[in-house]
Structure formats: C-alpha cells, structure tokens
Amino acid sequence: MTIPSEWRRTHLSKEINPSLSGSRVVVLGMILSVRRQGGLCFIILQDGCGMIQVTAHKDKIPSQIFDKLVELKPHSYIGVKGIVKAIEKAPRGVEVEAEDLYVFSEPKKLPPFEMFAKTLPSLDKRLEIRAVDLRRPKSQAIFKLKHQVLQSIRNFLVERNFIEVNTPKIISSATEGGATLFPLLYYDKEAFLAQSPQLYKEQLSSVFERVFEIGPVFRAEKFKTPRHLSEITSVDVEMAFADYRDVMNLLEEMIDYVIRNLIDKCSEELQLLEVKFEEAKTPFKRITYDEAYNILKDLGVEVSWGEDFSTLALKKLGQINKGFYFITDWPTISKPFYIKPKDDNSEISESFDLMYGSLELSSGGSRISSRDLLVKRLKQQGLNPKLFDYHLRIYDYGMPPHAGLGLGLERLMMAITGISNIREVTLFPRDQSRLTP
RNA sequence: GCCCUGGUGGUGUAGCCCGGCCUAGCAUCAGCGGCUGUCGCCCGCUGGACGCGGGUUCAAAUCCCGCCCAGGGCGCCA
C-alpha cells in the first residue's frame, strides 16, 4: 500500500518529550492497549523503539474519530495525528492528544496472550506465532538486549584489532569429531552443517592474527533440555601469539565490557526484565579441573577423572560458585584434538570453560601449532588424519602459537537475563521437534 | 535410546490421590452497558472447557489400557 503523505511519521515514540508540548505530530505504531473512561480514551501505542500514550477526548474531536478509536483492539496498526501535551499524569510526563486517526491494519483475531499479562501461555504456544509474541514489551526487551550485546562484543573486539570473518557453514567432514552433525546433500556429495568454525578460524589466525566470527553453528544431538538447541549463535575468537591465559583475560574483560554497556544503554530493558547483575564482578574466580574434581569428590558426587562433569556435578559446582567462574586445566583426554597439552604434563591441557553457575558459556584454550602433534592427537581421539588433510597441510607452511574461545551467545543471554530456557532468548529456536516457524 | 511428570473455556489454573455433593470453581479474556486522568483502571450483566480412542462401573474430569502432544531428567554433548 502507498502510505498517504500526510500519514508519514514525524516523530518516533522515544522522541516525544515534554519540550515538544504544543507541536502537532504524527505517530505510527501498534496498539498495545485501549482503555476507555467515559468520554476519555487512553491508548498505548508501540513503535519500533518504545511506546507513547495517546488520549482522545470525546468533546474535542469529531465523534466518528472518537468512536472508531475506542473500538480499536490491541494489534491494530494505526497512525495518530495530534498535539503533544506535557502532562504529569501521563507516562514519561508526555502524551499525544489525538485529532485525527488513520487505520493501517486491524487484527482478524487476537493472540492467545495479553500484552501485559502476568500469566503467559506456554512457550510452545507462543512460538507458533513468535513474531506476535515478540510484540510483548518483555519479549522484545530480551532481543534488544541481545542486539546490544552483539554490538558491544563487536566494538570490544574491533577496538583490540580483531577483524570479523565469515567461514563456511557447509563442510566436508566432522570438524572435531564427537558431536553428531546434520548431514546434507551437496550436489552429489555428502556434506554437513558446521558444528564450529574452529579449524577455519585457527587457519585465519595465522594470517590476520586476531579474528572473530559471530554466526550459526549446528548440532544434531537429540537434546531435550532448556539449555540446548540444534542451531545456536557462536561467538568465536582466535588470536595468534597468545595462550589460554590471554584468552581468559580477554573473555573476562569482554563480558565486563558488555555488561557495562548494557547498564549504560539498556536501562529500560534491564528494568523490565528485572536484571540486576549482582553476580558479575570481575575478576572471575578461577578453579582448576583438579580442584573442582576434589570438591565434588568431597561432596560425595560421583566423578571420574578425565571425563566431563555430569549435569549433577555441574549443578553442585553451580551451588558453590554463583555467577561467572573459570574451570581451567582440563584433562587433555576430555578436550578436542586441537587443544594444547601442557609442556610439562601432557595429561593436562591449556584449556578452560567459562561457567555461569552450572551453565557452561564458553570454552577455549591454547591450540596445538605443530602438525605432528595434531596428527598424534587425532589418532588418540580415534579420528582419521586423512579427513583433516585440508587443514593439516596449512601447518606445513608454518603456524604461530595461537589460542581462542567459543562462546554460546544464547547461553550468555541466559546468564545475563536470568532466563532459564534457551528458547526464550532465541528468536526462532530450532530443536528436535521444532523446524518452524 | 531410556526414565519421570503433565494435558480442564482463547489463556493461566482449582478439582483427580479417595468415582456420585461438578449443573466443573477462580482469575484473565471476549460481547454488551456505565464511567473525563487512566497507566496490569474500575463497576454491572452475558459467554465459553475436562487431549484422542477404548475399557471398568448403576455412575468417570477423577480408576485402567493404548495413542498423540508438551515439559523435565539420564545418556550424549566446543
């Protein structure tokens, strides 16, 4: 539809403030709520960046405009032309007193949830019409925060001379073994959706020294938990002439930077979601795998040295350690083939996981930069070095020491918002049973 | 792959264990009416539900079996 020229927006909701009092404006947006009080009507109009209260007085405007306005339902997309009034009783001390109305769209039906409801339908029901669910201010706030987190991460890394790269998501073989990949047909060959940009970013660190990628990764494990998805956003960082201690320091600084930025720029969203950041003080605690192992043993939790901690074990650790903390120096056997064993003890690796309570947010470490050692480690892990030839051949031409990390963006959002279901912090989550929307 | 829990109007729930007093309660919502400073408004009236199939019983929302769907846990998992 062509938008009539007199119904072009003059101001966004957030631009309307008491100093504009008396000016005539056109605001466009979607109705969140309509409340009528006799001859007075209050409408909360939401646009892309906030909301503004619109009022209509029966005795000040033509009756057909007033009558139309009061019968409008939430989810109607409208334009309102009116005068800005600075009024203390209005939210933010300002409102638009309507003179004219333009209706772009009215809903044929109402969604199964209310815009400000205290009780919500199950997430499953809401996901069926996710874009409508996102009209709820609280739902939107999550993704405005996520956007700001992404912006902050980019700013932080770029300020430190990292460059952003993009690597293939269609790959020929298992990146690191272990995880189940999604197979697909690539012309007449078998291919897979990438589980990680790991090997590509390592190669690129030999060129640009500092690289990062923010993009989707895919896992075909049949998870059915509130913290796993089949498709997630991974923040991958790799840097040359660095080891795992440098990476941990970088990650810690980055999270601190991200949180400071949120406090600075997203106070409304944080308030709406009741986020406090009480458990986000740097420096983050660092405990070694062996220390964690002994703590768990003393608690009577079943642990076997060399293995990843079980869900139960992580829960116990999370009870002891609130907020962010590192678990460092993992047994080499528990880590992927490219993680560097310690020079003085090859049983232990230069590696870390960043935890938030019992939730694993990130893992990383120093990487092996010798081809021979990589081949040895591949064999130890039961992987066929021939399948990795496209990667290993690069090492013949020299490779600086390097280290890096992978961070699950959605997991970070769970930690930041305190939301316990990863689907809630993902616009269109993919899991075992959900391929739409 | 295995185990556990749940499914009641559009939505969220009570009732189920211990069958009858359920003509299924409450809140929200929707429809109609009233209200000129609301902001999760308020007031009055009206409306709407036991996941699907089978069984037991004089009687099933309630007990049993199967199926479907959802949630959670284990295993597994940068």
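To find a chain, count down the sequence lines: A is the first, B the second, and so on, and within it residues start at 1.
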Write down the distance separating the [atom1] atoms in [N] and [M], rounded off to the nearest Å.
N: B:G51; M: B:C68; atom1: C1'; result: 8 Å
N: B:C41; M: B:C22; atom1: C1'; result: 34 Å
N: B:C52; M: B:G7; atom1: P; result: 13 Å
N: B:G20; M: B:G31; atom1: P; result: 37 Å
N: B:C67; M: B:A59; atom1: P; result: 27 Å
N: B:A60; M: B:G54; atom1: P; result: 14 Å
N: B:A49; M: B:A27; atom1: C1'; result: 15 Å
N: B:G33; M: B:G71; atom1: P; result: 41 Å

Aromatic rings [X] and [Y]: how do their planes relate, parallel, tilted or perpendicular, breaks at 30° and 60°?
X: A:F309; Y: A:W330; value: tilted
X: A:H228; Y: A:F223; value: parallel
X: A:F182; Y: A:F218; value: perpendicular
X: A:H391; Y: A:Y395; value: perpendicular

[X] [atom1] - [N] [atom2] separation (whole Å):
X: A:Q432; N: B:C76; atom1: CD; atom2: C1'; value: 12 Å
X: A:E88; N: B:C39; atom1: CD; atom2: P; value: 17 Å
X: A:F309; N: B:C77; atom1: CZ; atom2: C1'; value: 16 Å
X: A:R136; N: B:U11; atom1: CZ; atom2: P; value: 15 Å
X: A:D67; N: B:G33; atom1: CG; atom2: C1'; value: 15 Å
X: A:I52; N: B:C39; atom1: CD1; atom2: P; value: 17 Å
X: A:M51; N: B:U38; atom1: CE; atom2: P; value: 19 Å
X: A:E128; N: B:U11; atom1: CD; atom2: C1'; value: 13 Å

- Item | Side-chain (A:R36) to main-chain (A:G38) donor-acceptor, under 3.5 angstrom | yes
- Message: Strictly by salt bridge (charged side-chain N to carboxylate O under 4.0 Å, His left out), give each pair with a member in residues 425-437 of chain A just once, sequence neighbours left out.
- Response: A:D124-A:R434, A:R423-A:D431, A:D431-A:R434
- Message: Run the side chain to side chain donor-acceptor pair (under 3.5 Å) test on A:S13 and A:Q46 for me, step by step, so that the C-alpha distance in whole Å, both residues' side-chain angles and the decisive distance to 0.1 Å come before the verdict.
- Response: CA-CA 7 Å; A:S13 62; A:Q46 172 174 265; over 6 Å; no
Any idea which of [options] is nearest the [X] side chain?
X: A:E95; options: B:A78, B:G37, B:G12; answer: B:G37
X: A:H57; options: B:G37, B:A78, B:C77; answer: B:G37
X: A:P91; options: B:U36, B:C39, B:C77; answer: B:C39
X: A:E114; options: B:G37, B:U28, B:A78; answer: B:U28
X: A:E221; options: B:A78, B:C76, B:U38; answer: B:C76

For [X], answer base if it contacts any base atom (sugar-phosphate contacts may also be present), sugar-phosphate if it contacts only those atoms, and nothing otherwise; contact means non-hydrogen atoms under 4.0 Å.
X: A:D236; result: base
X: A:E360; result: sugar-phosphate
X: A:D59; result: base
X: A:G406; result: nothing
X: A:K73; result: sugar-phosphate
X: A:I87; result: base
X: A:F42; result: base
X: A:P112; result: sugar-phosphate

In terms of side-chain geometry, is the basic nitrogen of [X] or [Y] positioned less than 4.0 Å from the acidic oxygen of its partner?
X: A:K68; Y: A:E71; value: yes
X: A:E424; Y: A:R126; value: yes
X: A:R24; Y: A:E97; value: no
X: A:R154; Y: A:E164; value: yes
X: A:R367; Y: A:E238; value: yes
X: A:E268; Y: A:K144; value: no
X: A:E410; Y: A:R227; value: no

- Go through RNA chain B and write down every stem, that is, every run of at least three consecutive Watson-Crick or G-U wobble pairs with distances under 3.5 Å, as range with range. B:1-7 with B:68-74, B:10-13 with B:25-28, B:29-34 with B:42-47, B:51-55 with B:63-67
Which atom pairs link the protein and nucleotides 40-44 of chain B when you take only N or O atoms and keep those under 3.5 Å?
| unit_1 | atom_1 | unit_2 | atom_2 | d |
| --- | --- | --- | --- | --- |
| B:G40 | N2 | A:K118 | N | 3.1 |
| B:C41 | OP2 | A:R35 | NH1 | 3.0 |
| B:C41 | N4 | A:R36 | O | 3.1 |

- Message: Strictly under 4.0 angstrom, non-hydrogen atoms only: write out the protein contact profile of nucleotides 68-75 of chain B, one letter per nucleotide from the 5' end, B, S or -.
- Response: --SBSSSS
- Are A:R160 and A:F156 in a cation-pi setup, meaning NZ or CZ lies under 6.0 angstrom from the ring centre and within 45 degrees of the ring axis? yes
Extract from the structure each pairing of a protein N or O with an N or O of nucleotides 4-6 of chain B at less than 3.5 Å, listing the distance.
none

- Establish, from distance only, whether the side-chain atoms of A:D329 and A:Y244 form a donor-acceptor pair under 3.5 Å. yes
Result block: side-chain N/O donor-acceptor pairs under 3.5 angstrom for residues 79-91 of chain A, not counting sequence neighbours:
none

- Which residue lies more 5' along RNA chain B, comparing A:P111 with A:I44 via nearest heavy atoms: A:P111
